[in-house]
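Scroll down for the structure; my scribbles are underneath it.
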There are 2 protein chains.
Amino acid sequence: MLIADDQELVRTGFQMILDAQPDMEVVSAVSDGAAAVAEARRLRPDVCLLDIRMPKLDGLEVTRLLAGPGVTDPLRVVIVTTFDLDEYVYGALRSGATGFLLKDSGPTLLLEAIRAAAHGDALVSPSVTVRLLQHLAQPAAPKPLDEPLTDRELDVVRLIARGRTNQEVAAELFVSLSTVKTHLGSIFTKLGARNRVEIAAWAWESGVVN
Amino acid sequence: MLIADDQELVRTGFQMILDAQPDMEVVSAVSDGAAAVAEARRLRPDVCLLDIRMPKLDGLEVTRLLAGPGVTDPLRVVIVTTFDLDEYVYGALRSGATGFLLKDSGPTLLLEAIRAAAHGDALVSPSVTVRLLQHLAQPAAPKPLDEPLTDRELDVVRLIARGRTNQEVAAELFVSLSTVKTHLGSIFTKLGARNRVEIAAWAWESGVVN
DNA sequence: TACGGCATCGGCCGAACGGCTGATCTTAAG
DNA sequence: CTTAAGATCAGCCGTTCGGCCGATGCCGTA
């Protein structure tokens, strides 16, 4: 087990909790991201407990270096943070973390998360999980449409959502600019959108593009 | 707390674990899905603990009836099952479950899951979570940025991605239209975007918004 | 056959966008 | 103290967007 947190109190708190466990051993506790990477590579602990907000390298960068895509023989990383921000959550998961805990979690969850990570499993704070599940559970029906989009309109939506201009959409669909604008008009009406970015946002939310 | 499981031993086992907790009370324990729905509607427990494989109605059907989309005043449902099947997991989440536990989890996780559900949060078994995260983390690698966006630029990006006009962004951030356009200029350069929809697309792909 | 939905095209016009240059102020780093 | 980076603001100007009007042709159904 390696602990990385810039706050002295948090480090020692974690260490006391973990040292009380017969099956856990803290091999190093550091206060910044660069040291975390160095120690992790030197000691190769089973699990790394990383804060996000740290000097030099933040926890997500450290995770990328230790467990990110392309890393050979990645370590297990559990992110522990005070802040329940979506960017942190998704950033952590993309970086290769196998756990995400808020600091307001009890010690029970902390221990469970570490044991899970040691087995290659992942435990995420319940208050975070509930939001993740919402995204998984309803990739469909973000907006009940009075009138569904036609196939051709969906073609236009998909290209719009990828950042194409009307001219480019016209070229890729082999139609004129006027036609694209006509389809767009229908799309605006049906979705109740006020500009093309709202169309794009709807497309991403509803899973029309991915 | 309501327990529904067709196996006598499991029901009593759960009941013994839960009765030992001062903050929990099992108000009913039934052995099939139809009874679970009836009891849940009559007693309206804070949390329902449901097995999936049950006579008459399976746990997922029960969940749909008690917590599914369109249900007014939904109950909190934790699914407990022996079988770690993807269909079960996704089925449970789509049905409206706020927790998913495998029966090989320890009593600690069971209690944590129930307490989380009571708060409206969701705890999922670590071995299941790790697979869910792979699906979430899959659309990774949107674009490694030469220069990262500043905090303020991210504020602008988030609002742009939600379809706001420059004027609206200015109003919501309490700055002038000129400032927004300046930030946008930097964003265009850093992301290599050609229009605001490409900025929005980057934001959605990278998880800056969701 | 007549009707309606869909796809296709054109023009006009005001508003919004995006690129450009240049400026002040604060804060952090060297 | 000097320098660099970030946040703030301003004007100009060409392009794109989005709304609105109208029009033609195809196809399936009533």
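All values reported here derive from a predicted model rather than from experimental measurement. To find a chain, count down the sequence lines: A is the first, B the second, and so on, and within it residues start at 1.
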Fill in: Non-hydrogen side-chain atoms of A:I3 and A:L18 separated by less than 4.5 Å
yes
Discussion item. Strictly below 4.0 Å: does A:T150 bring a side-chain N or O up to OP1 or OP2 of C:dA7?
Written reply: yes
Worksheet item: Using a cut-off of less than 4.0 Å, is there contact between a side-chain N or O of A:T179 and OP1 or OP2 of C:dA7?
Response: no
Worksheet item: Taking five pairs at each end, how big is the angle between the two axes of the helix from C:dT1-D:dA30 to C:dG30-D:dC1, to 10°?
Response: 40°
Fill in: Qualifying residues under side chain to side chain donor-acceptor pair (under 3.5 Å), relative to B:T179, sequence neighbours excluded
B:S176
Discussion item. Below 4.0 angstrom, which residues in residues 151-162 of chain A have at least one non-hydrogen atom near DNA chain C?
Written reply: A:R152
Discussion item. Can you list everything that forms a salt bridge (Lys or Arg N to Asp or Glu O under 4.0 Å) with A:D155? Sequence neighbours excluded, please.
Written reply: A:R152, A:R158
Discussion item. If only side-chain N and O atoms count, and only distance matters, is there a donor-acceptor pair under 3.5 Å linking A:S105 with A:S125?
Written reply: yes
Discussion item. Tell me which pairs pass salt bridge (charged side-chain N to carboxylate O under 4.0 Å, His left out) where either residue lies in residues 98-110 of chain B, with sequence neighbours left out.
Written reply: B:D5-B:K103, B:D51-B:K103
Item to complete: Examine C:dC9: is either OP1 or OP2 under 4.0 Å from a nitrogen or oxygen in the side chain of A:S176? Give yes or no.
Response: yes
Discussion item. Under the rule for side chain to side chain donor-acceptor pair (under 3.5 Å), what residues qualify as partners of B:S31, not counting sequence neighbours?
Written reply: none
Practice prompt. Apply salt bridge (Lys or Arg N to Asp or Glu O under 4.0 Å) to B:D23 and list each qualifying residue two or more places apart in sequence or on a separate chain.
Written response: B:R115
Item to complete: Mind calculating the distance between CG (B:L173) and P (D:dC9) to the nearest angstrom?
Response: 11 Å
Discussion item. So, using salt bridge (Lys or Arg N to Asp or Glu O under 4.0 Å) as the criterion, who are the partners of A:R194 when residues are at least two apart?
Written reply: A:E198, B:E168
Worksheet item: Under the side chain to side chain contact (heavy atoms under 4.5 Å, CB included) test, which residues partner A:N166, sequence neighbours left out?
Response: A:I160, A:L177, A:V180, A:K181, A:L184, A:R196
Fill in: Set of residues satisfying salt bridge (Lys or Arg N to Asp or Glu O under 4.0 Å) with respect to B:R164, sequence neighbours excluded
B:E172
Practice prompt. To the nearest Å, give me how far apart CD (B:E198) and P (D:dT16) are.
Written response: 14 Å
Item to complete: Give the rounded distance in Å between these two atoms: NE2 of A:H183 and P of C:dC9.
Response: 8 Å
Worksheet item: What's the CZ-P distance between B:F174 and D:dA7, to the nearest Å?
Response: 18 Å
Practice prompt. Take nucleotides 17-30 of chain D nucleotide by nucleotide from the 5' end and write B, S or -, depending on whether a protein heavy atom sits under 4.0 Å from the base, only from the sugar-phosphate, or from neither.
Written response: SBB-----------
Response to the item:
Hits for side chain to side chain donor-acceptor pair (under 3.5 Å) against A:T150, two or more places apart or cross-chain, chain-then-number order -> A:E153
